[in-house]
Protein chains: 2
Amino acid sequence: MAAKEHEVLENYITQHNLKITKQRRAVLEAFLASEEHVSAEDLYKIVSVKEPKIGLATVYRTLSLLTESGLAAELDFGDGQKRYEHNYEHDHHDHMICTQCGKIIEFHNPLIEKLQEDVAREHGFEITTHKLDMFGICKDCR
Amino acid sequence: MAAKEHEVLENYITQHNLKITKQRRAVLEAFLASEEHVSAEDLYKIVSVKEPKIGLATVYRTLSLLTESGLAAELDFGDGQKRYEHNYEHDHHDHMICTQCGKIIEFHNPLIEKLQEDVAREHGFEITTHKLDMFGICKDCR
DNA sequence: CTACCTGCAAATTATTTGCCTTAAC
DNA sequence: GTTAAGGCAAATAATTTGCAGGTAG
């Protein structure tokens with residue numbers, strides 16, 4: 001599957017007359033190996049080990065590339081920092097965020113999604129994407 | 001109702017050994033008179049008319065106060081700017097955001113909320129707040 | 001009079017950009 | 001060889017903070 005994801009990025013890159021570089025490969029590598037919900041700073045630290053000369057700006061630029069190519073999705077939990085999660089052949093899911101320990105539980109509920117579509121239709125609204133975040137206390141922190 | 005909201009703020013202020021100032025009153029006034037979803041900058045511009053000496057920092061500080069006292073709620077539509085909406089004796093609602101014209105449609109769907117509670121319970125998670133934002137195209141822009 | 005509050009400017013934080021050098025293709 | 005990419009430092013943008021003087025209680 002990692003192979004597939006490399007392909008996705010390389011296809012995107014060649015289709016847009018861009019170039020495959022060792023920095024881009026390193027960021028992709030680190031992103032694929034990372035847990036969900038990494039920040040640019042997180043990735044920068046990880047990549048810096050193998051690629052000490054890399055600049056934070058390059059990480060940001062590569063993350064845009066990953067997002068545009070469909071490999072990554074941006075998250076914003078309202079703490080002033082963007083996170084990124086795997087988005088390739090991953091089903092859509094939403095998040096429960098524990099405000100105590102920071103743990104993030106993912107879930108997917110088709111019925112909720114269906115109701116969203118219903119509400120949207122009632123308003124003549126066509127949903128492109130949506131985001132459902134529930135903040136609270138997880139079972140380990142209660 | 002505006003009277004009630006003034007009381008809420010004044011109670012909060014006196015209970016916390018804070019002071020009622022004309023700046024705070026002016027920001028509250030502007031906030032109450034404002035449309036939903038104002039940014040700090042929006043309010044600053046409005047308040048500046050009546051109170052030309054006010055500083056942007058004061059608006060930010062007062063908005064925190066309004067949020068803490070329960071009159072305002074922070075919103076974040078991911079465009080790098082916080083918005084504020086009325087939160088006092090207003091029912092919870094979610095948002096549909098038109099990515100074309102920027103219009104925001106509010107809605108409330110008890111069944112969706114119930115399902116959220118159900119999902120949370122399955123995970124031993126206790127919801128404090130939640131946020132459901134649907135991005136897409138509104139009926140006027142289709 | 002004693003905090004707290006204000007305005008202002010400077011600091012912070014996350015992210016973006018400009019620019020010149022370097023490396024893909 | 002072109003042309004895009006990278007590194008670095010400077011620029012943004014929204015928000016926060018420090019401080020010295022002002023004001024509410």
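Values below: every heavy atom of this structure, side chains too, minus hydrogens, waters and symmetry copies. Letters go in sequence order (proteins before strands), and every chain restarts at 1.
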**Fill in**
In whole angstroms, the gap separating C1' of C/dA23 from NZ of A/K53 amounts to 13 Å
I'd like a table of atom pairs between the protein and nucleotides 2-4 of chain C - only N or O on both sides, under 3.5 Å - with the distance next to each one.
unit_1: C/dA3; atom_1: N3; unit_2: B/K19; atom_2: NZ; d: 2.8
unit_1: C/dC4; atom_1: O4'; unit_2: B/K19; atom_2: NZ; d: 3.4

**Asked** What closest approach, in Å, do A/I97 and B/F125 show between heavy atoms, and which atom pair accounts for it?
**Response** O-CZ, 3.5 Å
**Message:** Expected output is a numbered-order residue list: members of residues 58-67 of chain A with a heavy atom under 4.0 Å from any atom of DNA chain C. What is it?
**Reply:** A/Y60, A/R61
**Request:** Look at the side-chain N and O atoms of A/Q23 and state whether any lies under 4.0 Å from the OP1 or OP2 oxygen of C/dA23.
**Result:** no
**Asked** Are B/S39 and B/Q81 close enough that a side-chain donor and a side-chain acceptor fall under 3.5 Å?
**Response** yes
**Prompt:** Tell me: NZ of A/K45 to C1' of C/dA14, nearest whole Å?
**Reply:** 13 Å
**Item:** Interatomic distance, A/K22 NZ vs C/dC25 C1' [rounded to whole Å]
**Value:** 16 Å
**Message:** For the CZ atom of B/R83 and the OG atom of B/S34, what is their distance to the nearest 0.5 Å?
**Reply:** 12.0 Å
**Prompt:** Quick one: do B/E126 and B/R121 make a salt bridge, cutoff under 4.0 Å?
**Reply:** no
**Prompt:** Which residue, B/L56 or A/E51, contacts DNA chain D at a nucleotide closer to its 5' end, judged by nearest heavy atom?
**Reply:** A/E51
**Prompt:** Between B/D140 and B/K103, does at least one N-O distance fall below 4.0 Å, as a salt bridge requires?
**Reply:** yes
**Asked** Sub-3.5 Å donor-acceptor pair from the side chain of A/N87 to the main-chain atoms of A/A73, do we have one?
**Response** no
**Asked** Below 4.5 Å, heavy atoms only, C-beta onward: do A/D76 and A/K131 meet side chain to side chain?
**Response** yes
**Donor-acceptor side-chain pairing of A/H130 and A/E113 below 3.5 angstrom** = yes
**Message:** Quick check on DNA chain D: between B/I20 and B/A57, whose nearest nucleotide comes earlier from the 5' end?
**Reply:** B/A57
**Prompt:** Can you find a side-chain donor-acceptor pair between A/E106 and B/H123 that sits under 3.5 Å?
**Reply:** no
**Request:** May I have the distance from A/F77 (atom CZ) to C/dA14 (atom C1'), rounded to whole angstrom?
**Result:** 17 Å
**DNA chain D: 5'-most and 3'-most nucleotides touching chain B, 4.0 angstrom heavy-atom criterion** = D/dA14 to D/dG25
**Request:** Measure centre to centre between the rings of B/H95 and B/F107, then say whether the value is under 6.0 Å.
**Result:** no
**Request:** Using only heavy-atom distances, determine whether the side chains of B/H86 and B/E35 contain a donor-acceptor pair under 3.5 Å.
**Result:** no
